[in-house]
Participant: 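Shown below is the structure under consideration.
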Amino acid sequence: MRVPLSWLREYVPIEVPLGELTERLSVASAEVEGVERIGVPEADGNLERFRVGRVLEAEKHPNADRLQLCRVDVGEGEPRQIVCGAWNFGPGATVAVALPGAVLPGGLELERREVRGELSDGMILAEDEVELGPDHAGIMVLADGPEPGTPLVEVLPLVDDVLLLEPTGNRPDLLAVYGVAREVAALFDMPLADVPGGQSSGHVPEGQVEVEVDDFEACPRYIGRLFENVRIEPSPLWLKSRLLVAGMRPIANVVDVTNYVMVALGNPLHAFDFETLHGGKIVVRRARKGEEMRTLDGVERRLEPEDLLIADTERAIALAGIMGGEETEIGASTTTVLLEAANFEPFTIFKTSERLRLRTEGSNRWEKGVDPYLAAPAAALATELLVELTGATWTAQSDVHADLPERPVVCYRPERADAVIGVATPVDDQHALLARLGFERGDDTVVVPTWRARDVTREIDVVEEIARFRLEEVPFTLPVRRAMFGTLTREQQLRRRIEDALVGLGFSETYTPSLRPDDETDWKLPEPIAVELTALRTSLLPSLVEAVRRNVDAGAEQIALFELARIYLSNGELPNERLHVAGVAPGGFARVKGVVQALYEVLKAGAQFERADHPLFHPGKTARTSAGIVGELNPRILDGEWGAFELDLESLFAESREPVAYEDVITYPAVRQDLAFVVPEQVEAGELVAAAREAAGPQLREVEIFDVYRGEQVGEGKKSIAFSVAFQSPERTLSDEDAAALRRQIADALGERFGAVLRTA
Amino acid sequence: MTENEATVAAVDWEAYEREASAAVAAASGPTELEDARVGYLGRKSELAQALRGVRDRESGMLLNGIRERLEAAVTQRERTLEGEELDRRLREEIVDVTLPGERLPLGHLHPITQVRRIVEDAFLGLGYEIRDDREVETLEYNFDKLAFAPTHPARSPRDTFFFDESHVLRTETSPSQIHALEEHEPPIYMVSIGRVYRRDAITATRYPIFHQFEGLAVDEGITLADLKGTLLHVMRALYGPERRIRFRTHFFPFTEPSIEPDVSCGICDGAGCRTCKHTGWIEMGGAGVVDPQVFENVGVDPERWSGFAFGCGLERAAQLRHDIPDIRLLWEGDLRVLRQF
Ligand SMILES: [Zn+2]
């Protein structure tokens, strides 16, 4: 909402410094996103170079057919000679003049210069040159009165500040200059002007506009007024400049008036060319199945039975509250105007605007809920302006409405406000604040003003009204605690441990999107913003590999990335969301397996690896653990030798033995030995270790492979695997005989199961 | 008198010891020391020869005493010389300490994770549990139970990612409030941290996926002032002990009164600069007192219990802490960026 300060001051005499006004509004009412200074730059006495001038002579430029050569009195005694391209004036006209040295709103500095051989000592201004209107067809001819030399700023609004206000969805009353003025008056405890148009009295015509409302739920009120002998003309300068400053394009008087009233009061209006209506009647109804209409923007709209329409006796003539129809639009030749000042319910408008993806200044206000009592002053203000600006006669009217809603009466305990806000506000002060906002005090109740009736319906809503006035005084306290919950869960602790371990192992953490172009999943967005962000991912690795590839392309060295994030598995009504950790780093299988072993080790878990297949991985260098996959990436996925893993954290944490129980390894020392077995080539080391552990039991404390040897000494198709083992008991010192027995148990078991032969040193 | 006795008597042992001690002390290197040792203590030395011939106890004690003292002096001198030799060698082993150290692989935590931990630790200190809930939500939890009006713009597929009529990617971490309230009886002090989704085009300031932390405190007698004190603590944990905060009125469906907390700009300290759009304040998110309707939606008595809730973005916090100009940098995994943090 753009709120021109000059317009605001028409309703409330606010003169506080701009910074104080914006600060107070931002804290207590609606955020001021910024202040736009518009019009003529004010610095260095620039405004003094804009003056009222009187044209003394005007004749054709001797060397140019399209130019006029003028002598203009700007109050200096000696008139100035000015070359001008416009012809909509003559001698005697009062005009706006910028003198050499003047800086125009766009930043252009005027110079005294020759135009086709004649000196031009200034410029006669058109409205667009000082941002007062869009027109450049002619210069501004001012009303007679001000003396030549009068500063122009005393005659025209050359400078204004526009508040860029962002009211929240619950405050449609602030989508109007008058509504903002009411708020400012309350904030600064100042008088507020009466509602513009609210005081209009006098003649009300006898004639009736025929209006039929079929659906009072959706349209609680419809005021129709008929104006005859309308002259469509450009609006006067003041109106055009207000609309421009408020961010709307002036078109012509009738449409400009409807827009002006909407910005002033917040009630969107519409005007129809009455002569284009069939049957001379307004019907407010829902659309029929298959009905169509062409809206003002030239688009043919297919309607649905949920859409609310303004129709005549035959067809739709407007999408209620959203946009008018093309066929009944006001045009240059319109002479009879039907003005609509209605009230529409938010939800209907929202649904239609949503479905048609059509959002307008009007629909934006209706969606948030407009005060149904506002239609009357809006109609009155528009009537006043239409009569004044178009020369029209108001000839007929009607006001069709259901019972308008009563003002909400809310039970209110002032002490409740103190309890919620945490700072005391005396009861009388509370009621004084509320009164400034339009609330009335009852017995243990407050009566809500009509323009806040949707937002304030409960005690807590009234409390908020007090709170927003006191936000600056709210102290800093902490809750009094009787229960504390400040501990990380086991999963959260282990998660940090994984993150820290990976960082220690040289991996840098990255974040990639949860959405992928192509995952096999039930969870795909039917309307993604981009194909790359379509499906909830079922694995982290694809995005991680892409991140690695981008780093390769960027020439990075020592690339090692990990991500810890969710994947989403299809699983009935809602996906099964699981935390995974994945990593990619250079190096072969042994290196990445070392990383995964380290992760198991920091969690105090034992890792078991077995051969596995995975589409992203090398077919011969891939293993599975209880928690996921590890191996070398298939070089088709990423060029070169890269290790990768992806593990499910829940499965991983399930194996953690944390907190670890102490084992006595000091009292009775271990017996360390090296054992080497010759086995057929296809036997895997992991099988041997598992079998050795099974055979020797808990007294085999450590077993580690330290060498694999192939060669003549062991023979074709065989290999020798060397283990370093430690035998240890927590109860006694093991003797050489004990160790020999254990070794024999292992040798027997491995011999039996794998044909392994113990090599003797 | 025997021949040996004569030998013992023939030498002035006091002088011998003095002379030997001086020779040991004067030895300036291992060779000289060895010469002195051989000369005064070796097999052919006068002392060794005399000792071989000693028969009486008195002479034995005298000569052994001299031998022991001289041996100790030699050992002592040897150590000193070794020490001096080591010092000399070390003095010569000079490296250019400005040359780089060995480059050990060291990774980096993502700035969002770093900020996440600061937030977690701040709330752990305040006695809050840390949780996260599902990202795919039902309309019931994402909107209805949080008291979103039927016309709230977030319900539009223009703002929110819909999978079908009843499932969305959560638009904020606020559904965690409902999950927490349904899971346990008050008092509740929790903060939920995770990914949220909005239908925004990707730009320097917006990314359709981002992270929020959402807090909820429900207890007896909770006030807006408690919210102010809590947020001050967390903002100072994130941005430094000098920061101030202020509240601005706002509107959210599930809080009443609703506010937006601003933190004083750390670049200009409130004077106004580009970062704070010349207001001196930086918006941090949304907050407010839990709306009684939310309590009623989950069966908690709003006359007995009150609470506050707040939500802030982690990306924004990371950007502010580290002066990161473009949110996309947080999602591209570029090591030139990640290695800075
Ligand atoms: Zn600043």
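Below, chains carry the letters A, B, ... as their sequence lines are ordered, and counting in each starts from 1.
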Participant: What part of B:F252 is in contact with chain A, defined as an atom under 4.5 angstrom from a non-hydrogen atom: side chain, backbone, both or neither?
Facilitator: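 Nothing of B:F252, per the 4.5 Å heavy-atom cut-off to chain A.
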Participant: Between B:E260 and B:R248, is there a side-chain N and carboxylate O pair less than 4.0 Å apart?
Facilitator: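 Looking at B:E260 and B:R248, the cut-off is met.
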Participant: Any chance the side chains of A:S514 and B:Y197 put a donor and an acceptor closer than 3.5 Å?
Facilitator: yes
Participant: At a heavy-atom separation under 4.5 Å, does B:P208 approach chain A through its side chain, its backbone, both, or neither?
Facilitator: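 Side chain only.
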Participant: Going by side chain to side chain donor-acceptor pair (under 3.5 Å), name the residues that satisfy it together with A:T477, two or more places apart in sequence or in a different chain.
Facilitator: B:D226
Participant: Scan residues 548-558 of chain A for pairs that pass salt bridge (Lys or Arg N to Asp or Glu O under 4.0 Å), counting only residues two or more places apart or in two chains.
Facilitator: none
Participant: Quick one: are the ring centres of B:F123 and B:F310 less than 6.0 Å apart?
Facilitator: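 Judged by ring-centre distance (under 6.0 Å), B:F123 and B:F310 do meet the cut-off.
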Participant: Which answer fits B:S306, side chain, backbone, both or neither, if we ask what part of it has an atom under 4.5 Å from a heavy atom of chain A?
Facilitator: neither
Participant: Any idea which of B:R131, B:H278, B:H211 has the most non-hydrogen atom pairs under 4.5 angstrom with chain A?
Facilitator: B:H211
Participant: I'd like to know which of A:K524, A:R566, A:R468, A:E367 tops the heavy-atom pair count under 4.5 Å against chain B.
Facilitator: A:R566
Participant: Please look at B:I209 and chain A and tell me whether the side chain, the backbone, both or neither of the residue comes under 4.5 angstrom of a heavy atom of that chain.
Facilitator: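 When you check distances to chain A, only side chain atoms of B:I209 fall under 4.5 Å.
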Participant: Which region of B:H167, side chain (C-beta onward) or backbone (N, CA, C, O), has a non-hydrogen atom less than 4.5 Å from a non-hydrogen atom of chain A, or is it both or neither?
Facilitator: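 Side chain of B:H167 only, per the 4.5 Å heavy-atom cut-off to chain A.
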Participant: Under 4.5 Å, counting heavy-atom pairs only, tell me which of B:G127, B:P111, B:A201 racks up the most with chain A.
Facilitator: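 Most pairs with chain A among the choices: B:G127.
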Participant: Can you say whether B:L232 sits under 4.5 Å from chain A via the side chain, the backbone, both, or neither, judging by heavy atoms?
Facilitator: side chain
Participant: For the residue pair B:Y141 / B:D133, report whether a side-chain donor-acceptor contact shorter than 3.5 Å exists.
Facilitator: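 No.
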Participant: Measure the acute angle between the ring planes of B:Y128 and B:Y189, then classify it against the limits of 30° and 60° as parallel, tilted or perpendicular.
Facilitator: perpendicular
